[in-house]
Amino acid sequence: SRQYLMKVGEQVSGKTIERGGPIILVQVENEYGSFGSDHEYMSAIRDQLVGAGFDGELFTSDGPTPAMLEGGTLPGVTSVINFGSRPEERFAEFAKFRTNVPRMCGELWFGWFDHWGCEHHSTPTETQVEDLDWFMREGVSFNLYMFHGGTNWGFMNGANWTADGYRPDVSSYDYDAALAEDGRLTAKWHAFRAVIEKHLTEPLPEVPAEALPGRLREVPMTSSCPMMSLKGKGVDGWKSFEELGHGYGYVLYQVKLAGPGSGVLTLDGLQDYAVIMSDGRIMGTVDRRLGECALRVTHGGKIEILVENTGRINYARQMLAERKGIVTANLDGVPLFDVIAFPIDFSLAEFTEGIELAEPALYRGEFHVEEPHDTHLDSRGWGKGNVWVNGFNLGRHWDIGPQQTTYCPATVLKPGLNEIIVSDLMIGRKRSIVGLPDPILSKG
């Protein structure tokens with residue numbers, strides 16, 4: 001981390017407020033107290049930041065419980081706390097840890113993220129307005145998390161480990177934020193603005209007009225490319241994504257067997273989602289999210305397993321064991337060793353006319369735009385995959401919801417001819433797509 005922070009310091013340490021710049025605070029760690037309590041590590045990070053030129057106001061940000069504060073803070077470094085409600089109670093708890101110090105909520109959770117297969121989250125505006133009124137009245141600093149919703153572009157959505165196991169996040173990070181994922185002003189935004197303005201001595205400026213998303217007429221897919229044709233350089237063995245130097249996307253494992261047969265295929269350490277095929281036929285899927293690891297198969301002497309990295313855990317100790325792919329596999333308890341691992345390289349895609357494929361594939365279409373505008377691509381009717389527009393990976397789609405549209409900003413589109421590519425691990429699905437003016441983020 002020292003080498004990295006030194007490079008960061010070279011570029012931005014001269015922009016701290018002490019040097020007349022816009023950087024007010026520099027954070028040593030984020031919620032480390034939820035993970036561990038190694039103060040030697042914390043001290044090393046602090047010293048590396050100072051050595052990189054960040055010699056102004058440092059801070060840490062943790063949950064408000066005694067264990068989190070004890071584990072994640074450092075003497076002499078400002079401590080702020082993260083929470084989503086009941087600020088008076090939270091700061092009363094904080095006062096048992098530190099007094100006569102600046103008070104701030106580093107992450108005031110006025111929304112929440114969504115997991116695939118779960119319901120869309122929304123949070124109560126009325127209660128949040130009361131909380132904001134308390135902050136403004138008491139002179140306590142706060143940072144709305146999130147003030148503006150966003151998008152986990154491409155394959156970059158994260159995941160959590162909960163009591164129910166592995167839970168990958170959707171691509172949309174709308175978060176029920178005051179400003180929506182596409183930037184529109186929500187009722188929550190107007191309510192927050194009103195309560196903040198109530199505590200100001202001068203009125204806020206007029207709100208500028210919004211550029212709202214629009215529709216995109218139906219785009220039919222006209223050509224396709226099998227994902228199995230996108231194999232990069234193969235490596236012998238059950239290699240993880242990390243061992244292949246292939247951090248995101250897909251890896252194809254080709255397993256050679258002694259001869260035709262059947263049995264229960266068990267995938268050890270699957271991370272995260274597998275489509276299992278034999279002789280060009282999909283036999284089924286295995287989903288880590290559901291705690292699955294096995295499937296009964298019939299084969300002709302070879303099995304192909306296409307594994308998707310569905311998102312890396314970024315909160316919980318289980319993230320230490322994240323090694324995407326498959327550790328080992330067996331058929332009816334007999335270990336399988338004759339395997340080659342191929343990273344899937346989307347840059348190798350070559351499309352041919354026709355869309356009637358019975359295997360995981362990419363589907364391509366073209367459309368004209370006169371004046372680019374934001375839109376939300378409707379993935380209802382598709383299976384599971386990603387969406388690219390003009391070569392930019394917008395994010396994932398999955399028919400289990402709750403997210404059912406993919407946000408496409410105007411900046412990705414261009415006047416004239418545009419290209420859209422949609423990948424799908426499933427067969428027999430819809431092969432066209434439209435753009436909607438509003439997102440669909442709920443399964444209902």
Side-chain angles (χ1 to χ4, degrees), residues 1-63 68-82 104 106-107 113 143 145-148 150-161 168-169 171 173 239-249 251 271-272 309-325 343 345 347 392-393 395:
S1 63
R2 178 180 289 105
Q3 183 179 5
Y4 171 81
L5 290 174
M6 289 299 290
K7 288 294 183 182
V8 172
E10 288 175 12
Q11 297 178 48
V12 300
S13 65
K15 300 182 184 299
T16 60
I17 194 170
E18 291 81 8
R19 297 178 173 88
I23 300 174
I24 300 171
L25 299 168
V26 176
Q27 188 170 346
V28 176
E29 250 289 6
N30 185 66
E31 296 185 346
Y32 177 69
S34 300
F35 179 85
S37 58
D38 185 344
H39 287 179
E40 184 177 349
Y41 157 77
M42 290 287 294
S43 298
I45 298 298
R46 176 201 58 201
D47 294 345
Q48 288 173 17
L49 281 167
V50 173
F54 297 103
D55 51 3
E57 189 68 42
L58 303 179
F59 77 105
T60 59
S61 195
D62 288 281
M68 291 174 178
L69 289 167
E70 178 59 35
T73 57
L74 283 171
V77 175
T78 298
S79 173
V80 307
I81 53 177
N82 301 341
M104 177 177 175
E107 293 181 13
F113 47 82
N143 171 52
Y145 190 95
M146 300 290 293
F147 175 72
H148 193 332
T151 309
N152 297 306
W153 305 115
F155 299 117
M156 297 306 293
N157 65 294
N160 284 272
W161 188 272
D169 301 337
S171 289
Y173 209 76
K239 300 298 183 182
S240 67
F241 282 54
E242 291 78 10
E243 290 173 310
L244 293 170
H246 185 72
Y248 299 91
V251 167
Q271 296 184 16
D272 300 300
N309 169 355
T310 310
R312 295 183 180 279
I313 295 173
N314 49 37
Y315 188 92
R317 284 187 169 272
Q318 282 76 9
M319 67 183 179
L320 297 176
E322 284 285 89
R323 298 293 184 273
K324 298 302 186 181
D345 183 352
S347 70
F392 183 75
N393 191 338

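If you're wondering where the values come from, they're calculated on a predicted model, not measured in any experiment.
Of the possible polar contacts, none joining the E57 side chain to the L25 backbone as a donor-acceptor pair under 3.5 Å is found. The backbone N or O of N82 sits nowhere less than 3.5 Å from a side-chain atom of E107 that would complete a donor-acceptor pair. Side chain of D62 to main chain of Y32: a donor-acceptor pair is present (N/O by atom type, distance under 3.5 Å, no hydrogens or angles). In this structure, the side chain of E29 does not engage the main chain of T60 through any donor-acceptor pair within 3.5 Å. Put simply, the side chain of N143 gets close to the backbone of G106: a donor and an acceptor are under 3.5 Å apart.
Residues L5 and F54 are not in side-chain contact: their nearest non-hydrogen atoms beyond the backbone lie 4.5 Å or more apart. Contact check for P168 versus D272: no side-chain heavy atoms found under the 4.5 Å cut-off.
When every heavy atom of A52 is checked against every heavy atom of M6, the shortest pair comes out as CA-SD, 3.7 Å. V77 and F59 get closest at one heavy-atom pair: CG1-CA, 3.6 Å. Closest approach of G72 to M42, counting heavy atoms only: O-CE, 3.1 Å. Scanning all heavy atoms of the two residues, the minimum distance from N314 to G158 falls at ND2-CA, 3.3 Å. Scanning both residues, A316 and W161, for their nearest heavy atoms gives CB-CB, 3.8 Å. Smallest separation of non-hydrogen atoms from K324 and E242: N-OE1, 3.1 Å.
Separation of atoms NE2 (H246) and CG (D345) is listed at 7.5 Å; rounding is to 0.5 Å. Here the straight-line distance linking atom OG1 of T73 with atom NE2 of H39 works out to 5.5 Å at 0.5 Å rounding. To the nearest 0.5 Å, the span separating CD on Q48 from OH on Y4 amounts to 12.5 Å. T151 OG1 to M156 CE: the interatomic distance, rounded to the nearest 0.5 Å, is 13.5 Å. In this structure, E40 CD and I45 CD1 are separated by 11.5 Å, a value rounded to the nearest 0.5 Å. Atom OG of residue S240 and atom CD of residue E322 lie 11.5 Å apart, to the nearest 0.5 angstrom.
A cation-pi contact, defined as under 6.0 Å to the ring centre and within 45° of the axis, links R312 to Y248.
There is no side-chain donor-acceptor pair under 3.5 Å between Y315 and E31. Between S37 and E70, the side chains place no donor N or O within less than 3.5 Å of an acceptor N or O (distance only, hydrogens not considered).
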**OP:** Test Y173 against N157 for side chain to side chain contact (heavy atoms under 4.5 Å, CB included), laying out the working first.
**Re:** CA-CA 9 Å; Y173 209 76; N157 65 294; over 6 Å; no
Subject >> Test log, rule side chain to side chain contact (heavy atoms under 4.5 Å, CB included), inputs F155 and N309 >> reply: CA-CA 8 Å; F155 299 117; N309 169 355; over 6 Å; no
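R19 has a carboxylate O that lies under 4.0 Å from a charged side-chain N of D55, or vice versa, which qualifies the two as a salt bridge.
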